[in-house]
Amino acid sequence: MAATLPDIHVDDTAWVDVNTASGITVGNKMRITLKSGVWCRLHESTSAPALDSKDGEVLTDKRNPYNIATIPTGSLKIWAKSSEVGRSSDIMVQEVA
């Protein structure tokens with residue numbers, strides 16, 4: 001198991017730079033797990049996408065099999081934002097060897 005890092009809080013008001021928030025170097029393999037019931041959108045790019053962007057992968061709640069994303073080695077910066085207006089999410093991020 002990878003070292004436990006503090007959860008990252010995301011809402012719908014801005015994209016969060018997951019690499020900076022977690023301290024994980026861009027391009028390192030990591031696993032992102034959605035810990036709350038509010039869906040979260042992930043986006044891979046060198047800069048933050050437009051606030052209204054619908055591109056990227058959506059992590060759904062724990063009742064579905066899509067609440068975990070594995071980010072491969074060599075990826076660009078990862079951004080996260082809540083998919084629901086006025087709601088927020090918590091994600092757990094771990095670096096994977």
Side-chain angles (χ1 to χ4, degrees):
M1 184 166 123
T4 300
L5 302 172
D7 291 345
I8 298 171
H9 187 77
V10 297
D11 60 29
D12 69 320
T13 63
W15 287 93
V16 174
D17 175 346
V18 174
N19 294 95
T20 298
S22 67
I24 297 174
T25 303
V26 174
N28 286 6
K29 185 175 182 179
M30 62 181 155
R31 180 180 305 117
I32 300 173
T33 304
L34 180 65
K35 293 182 69 174
S36 61
V38 177
W39 295 11
C40 178
R41 186 172 306 278
L42 300 178
H43 189 93
E44 179 185 357
S45 64
T46 55
S47 59
L51 188 58
D52 61 350
S53 175
K54 302 292 186 216
D55 297 330
E57 179 177 346
V58 176
L59 298 180
T60 61
D61 62 55
K62 295 183 281 190
R63 296 180 304 260
N64 294 301
Y66 306 109
N67 72 319
I68 298 174
T70 300
I71 310 302
T73 302
S75 294
L76 301 173
K77 191 174 283 195
I78 303 299
W79 301 87
K81 182 174 78 76
S82 172
S83 292
E84 298 181 38
V85 175
R87 310 243 351 246
S88 59
S89 303
D90 289 315
I91 57 175
M92 177 182 72
V93 182
Q94 294 178 298
E95 189 166 6
V96 179

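It should be emphasised that the depicted structure is a prediction, and the values quoted were computed from it without experimental measurement. Reckoned from all heavy atoms, side chains included, excluding hydrogens, waters and symmetry mates.
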Asks: What are the two closest non-hydrogen atoms of Ala80 and Val18, and how far apart are they?
Replies: CB-CG2, 3.7 Å
Asks: When you compare the side chain of Asp55 with that of Pro49, does any pair of heavy atoms fall below 4.5 Å?
Replies: no
Asks: Which residues satisfy the side chain to side chain donor-acceptor pair (under 3.5 Å) test with Arg31, sequence neighbours excluded?
Replies: none
Asks: Looking at residues at least two apart in the chain, or sitting in another chain, which of them share a salt bridge (Lys or Arg N to Asp or Glu O under 4.0 Å) with Asp17?
Replies: Lys77
Asks: Over all heavy atoms of both residues, which pair between Thr13 and Leu51 is shortest? Give the atoms and the distance, please.
Replies: O-CD1, 3.5 Å
Asks: Of the non-hydrogen atoms in Ser83 and Cys40, which two are nearest, and what is the gap between them?
Replies: OG-C, 3.7 Å
Asks: Does any non-hydrogen side-chain atom of Ile8 lie less than 4.5 Å from one of Pro6?
Replies: no
Asks: When rounded to the nearest 0.5 angstrom, what is the spacing between CG in Asp90 and NE2 in His9?
Replies: 6.0 Å
Asks: Kindly say whether Val38 contributes a backbone atom to a donor-acceptor pair with the side chain of Ser89 at under 3.5 angstrom?
Replies: yes
Asks: Among residues at least two apart in sequence or on other chains, which ones pass salt bridge (Lys or Arg N to Asp or Glu O under 4.0 Å) with Glu84?
Replies: Arg87
Asks: Closer than 3.5 angstrom, by distance alone: can the side chain of Trp39 be matched with the main-chain N or O of Val58 as a donor-acceptor pair?
Replies: no
Asks: Side-chain contact test, heavy atoms from C-beta onward, threshold under 4.5 Å: evaluate it for Ile68 versus Leu59 and give yes or no.
Replies: no
Asks: Do Asn19 and Ile78 come within less than 4.5 Å of each other through their side chains, counting heavy atoms only?
Replies: yes
Asks: Can you see which heavy atom on Trp15 is nearest to which on Ala48, and at what distance?
Replies: CB-CB, 4.3 Å
Asks: In terms of hydrophobic clustering (I, L, V, M, F, W, Y; side-chain heavy atoms under 4.5 Å; direct or indirect links), are Leu34 and Ile32 co-clustered?
Replies: yes
Asks: In the structure I gave you, are the side-chain heavy atoms of Lys29 and Thr73 within less than 4.5 Å of one another anywhere?
Replies: yes
Asks: Minimum heavy-atom separation for Ile71 and Ser75, please, with both atom names.
Replies: CG2-OG, 3.4 Å
Asks: Please report the closest heavy-atom contact between Ala69 and Glu57, naming both atoms and the distance.
Replies: CB-OE2, 3.7 Å
Asks: Could you measure the distance from the OG1 atom of Thr20 to the CH2 atom of Trp79? Nearest 0.5 Å is fine.
Replies: 7.0 Å
Asks: Do the side chains of Ile91 and Val16 join up, straight or via other hydrophobic residues, at under 4.5 Å, putting them in one cluster?
Replies: yes
Asks: Tell me whether Asn67 contacts the main-chain N or O of Lys35 through its side chain, where contact means a donor paired with an acceptor under 3.5 Å.
Replies: no
Asks: Are Met30 and Met92 in one and the same hydrophobic cluster, where Ile, Leu, Val, Met, Phe, Trp and Tyr link if side-chain heavy atoms are under 4.5 Å apart?
Replies: no
Asks: Report the distance from atom CD of Glu95 to atom OG of Ser22, rounding to the nearest 0.5 Å.
Replies: 8.0 Å
